[in-house]
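See structure below.
Letters A, B, ... mirror the listed sequences (proteins, then strands); counts begin at 1.
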Number of protein chains: 2
Amino acid sequence: MDKPAIDRTDRLSLIPLFAGLPRPHLEALTGIAVPRTVPAGRRIFSEGEEGRGFYAILTGRVKIFKLSPEGKEQILHLFSPGEIFGEVAVFTGQGYPAHAAAERACSLLFFPREAFVGLIRGDASLALGMLAVLSVRLRRFTRMVEDLSLKEVPGRLAAHLLYRSGAEKKEVVELDLSKTQLAALLGTIPETLSRILTRMGRRGLIRTQGSRIAILDRAGLETIASEGGKLP
Amino acid sequence: MDKPAIDRTDRLSLIPLFAGLPRPHLEALTGIAVPRTVPAGRRIFSEGEEGRGFYAILTGRVKIFKLSPEGKEQILHLFSPGEIFGEVAVFTGQGYPAHAAAERACSLLFFPREAFVGLIRGDASLALGMLAVLSVRLRRFTRMVEDLSLKEVPGRLAAHLLYRSGAEKKEVVELDLSKTQLAALLGTIPETLSRILTRMGRRGLIRTQGSRIAILDRAGLETIASEGGKLP
DNA sequence: ATCGGTCCTTGACTTAAGTCAAAGACGTTC
DNA sequence: GAACGTCTTTGACTTAAGTCAAGGACCGAT
């Protein structure tokens, strides 16, 4: 027979947002968290729906996205275990600003709004953690807006590949998402992405094998990512 | 002879972020705030610059923007008195994520990072206010990303006009910015904006007279804003 | 009133990227 | 291993929007 209360509190401390919190606070959070599992593909919430709380991901992956009237999808975020989502609705008190769906089967924790705000109201360190999360997100959006309006698709793709190659400058980037999804993330469509990958391949910048992309000419990609970025 | 400490505290309470705070907290904030005036056009900080703190606007207007390598400008925000900016750098501890410049002559208050974080650390209500501000901003960006990637320029313009017409459904929108700036805000260029305004005029959707735009066919604009939005 | 500047508009052209359609690759299931 | 579905690639075409360049309007200053 296990002791679920303790297990659950331990799991909470794996979420970076809560990582530094003292034990009693973690236990209080455990008290308000509601576990929820979601099968792959299932919608978690929809844009405009009343925001009753936010979620933390224990396992799986969640996609946050917008849809155009014609059905084109713009992915705003892809969240992995340890990350939270839906928190904007908690502090604005309005509906969720976008759709959320399980990319893969997920196990989540749901934090109801009222209860969570109650905790945060008395705990500035929890609030500070939340501020850090929102700030990082805001910073990412700033870049995203810049990319969408100032860069063309090759520039966005180059920037994205370099980003995923990371500070360790990995030679090979393993895409853990379909090219269709990558297109949605870059604000374009699969056909365009495919063409640009081909062109980059021809120019000797990259070599793609399935979902694996080898970076052959890092400097070239950097040029494309920062300067306008034509590839003739 | 006046009592500057009190005047300054009163001014602080005009900033919505601080509005609900109890007197002692306001005085603490006054203690760390550094007044600064900036002439029209002057840069306040640049992208990447170390973020030593954030600003609140007392008078004037501030533009937050990104620049493409070719010099095209994407305006991210236009801030007015009572609003704050540069706060993301405070919580991420990294450089400012975009440029800031005074649109008009400004009088600002500067809140140095360390001191402000010290205050917030002990005051969850101040932190909650900050969370609300960031959440609203995040929500706006969500819409901006959606617009940029899923809507064409006529759709963005229509949405913007309706937004400015407000809930009161004002018949006439008075632009308090140049059309060049409006273009930058919509993620396009003045020529394109000009053409679309003309087309909308021809279609009987709006009538423009200088910086004043009359909304003639609200329903038509709503269609363009929400559905793809062709205007033949 | 006239000059000079900046902003705005218009036209002709170019181009990036989206649409539509079809064929190829890949993996899964029966 | 054949058949199905989904994802990906490719081609031909269309189109929205950017570039370049030239006028025109507007405004403040002389």
Side-chain angles (χ1 to χ4, degrees), chain A residues 40-41 63 67-75 103-104 147-158 175-203 206-213 224-225 227-232, chain B residues 40-41 67-75 103-104 147-158 175-203 206-213 224 227-232:
Chain A
K63 160 175 87 173
L67 288 175
S68 79
E70 297 84 25
K72 182 183 165 192
E73 167 182 306
Q74 168 69 53
I75 295 180
E103 261 285 303
R104 309 171 178 171
D147 283 356
L148 286 173
S149 93
L150 303 178
K151 286 185 193 166
E152 291 153 2
V153 181
R156 295 180 227 159
L157 174 58
L175 296 179
D176 51 349
L177 37 62
S178 76
K179 293 192 180 152
T180 302
Q181 286 181 314
L182 178 56
L185 196 58
L186 295 176
T188 184
I189 57 173
E191 292 97 316
T192 298
L193 176 62
S194 177
R195 283 184 241 270
I196 291 171
L197 283 170
T198 309
R199 267 196 285 161
M200 284 186 170
R202 264 206 289 276
R203 299 237 54 198
I206 58 174
R207 176 173 23 256
T208 92
Q209 301 140 85
S211 68
R212 207 180 308 271
I213 297 182
I224 293 171
E227 313 190 3
K230 318 262 176 236
L231 31 154
Chain B
L67 288 175
S68 79
E70 298 84 26
K72 183 183 164 189
E73 169 183 303
Q74 167 69 51
I75 295 180
E103 261 284 303
R104 309 170 178 173
D147 284 356
L148 286 172
S149 91
L150 302 178
K151 285 185 192 164
E152 289 153 5
V153 181
R156 295 179 227 159
L157 173 59
L175 297 178
D176 51 349
L177 36 63
S178 74
K179 292 190 180 156
T180 301
Q181 285 181 314
L182 177 57
L185 195 58
L186 296 177
T188 184
I189 56 173
E191 292 98 315
T192 298
L193 175 62
S194 178
R195 283 184 241 270
I196 291 170
L197 283 170
T198 308
R199 268 196 284 162
M200 285 186 169
R202 266 208 288 276
R203 300 236 50 199
I206 58 175
R207 178 174 21 257
T208 94
Q209 301 139 84
S211 68
R212 207 180 310 273
I213 298 181
I224 293 171
E227 312 190 2
K230 318 262 176 237
L231 31 155

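Looking at the side chain of A:Pro190, the nearest of the listed nucleotides D:dT9, C:dC7, C:dG18 is D:dT9. Between D:dA16, C:dT9, D:dG11, one nucleotide has an atom nearer to the side chain of B:Glu152 than all others, and that is D:dA16. In this structure, of C:dC20, D:dC20, D:dG18, it is D:dG18 that holds the atom nearest to the side chain of B:Ile189. Side chain of A:Ser194, nearest nucleotide from C:dT10, C:dG18, D:dT10: D:dT10. Comparing atom distances between the B:Lys179 side chain and each of D:dA17, C:dC8, D:dT10 picks out C:dC8 as nearest. Proximity note for B:Arg195 (side chain, C-beta onward) versus C:dA17, D:dG18, C:dC20: the nearest is D:dG18. Closest contact between the side chain of B:Thr192 and the listed nucleotides D:dG11, C:dT9, D:dG18 involves D:dG18.
Between A:Thr180 and D:dT8 there is a side-chain polar atom (N or O) within less than 4.0 angstrom of OP1 or OP2. For the pair B:Ser178 and C:dT6, the criterion of a side-chain N or O lying under 4.0 Å from OP1 or OP2 is not met. The side chain of A:Lys72 contributes no N or O atom lying less than 4.0 Å from OP1 or OP2 of C:dT19.
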- [ ] For the pair B:Leu185 and B:Gln181, evaluate side-chain contact (heavy atoms from CB on, under 4.5 Å) and give the outcome as yes or no after the intermediate values.
- [x] CA-CA 6 Å; B:Leu185 195 58; B:Gln181 285 181 314; over 6 Å; no

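Atom pair A:Leu186:CG and C:dA17:C1' shows a separation of 14 Å (rounding to whole Å applied).
In this structure the side chain of A:Leu148 reaches within 4.5 angstrom of the side chain of A:Arg156, judged on heavy atoms.
A:Leu197 CG to A:Lys179 NZ: the interatomic distance, rounded to the nearest 0.5 Å, is 6.0 Å.
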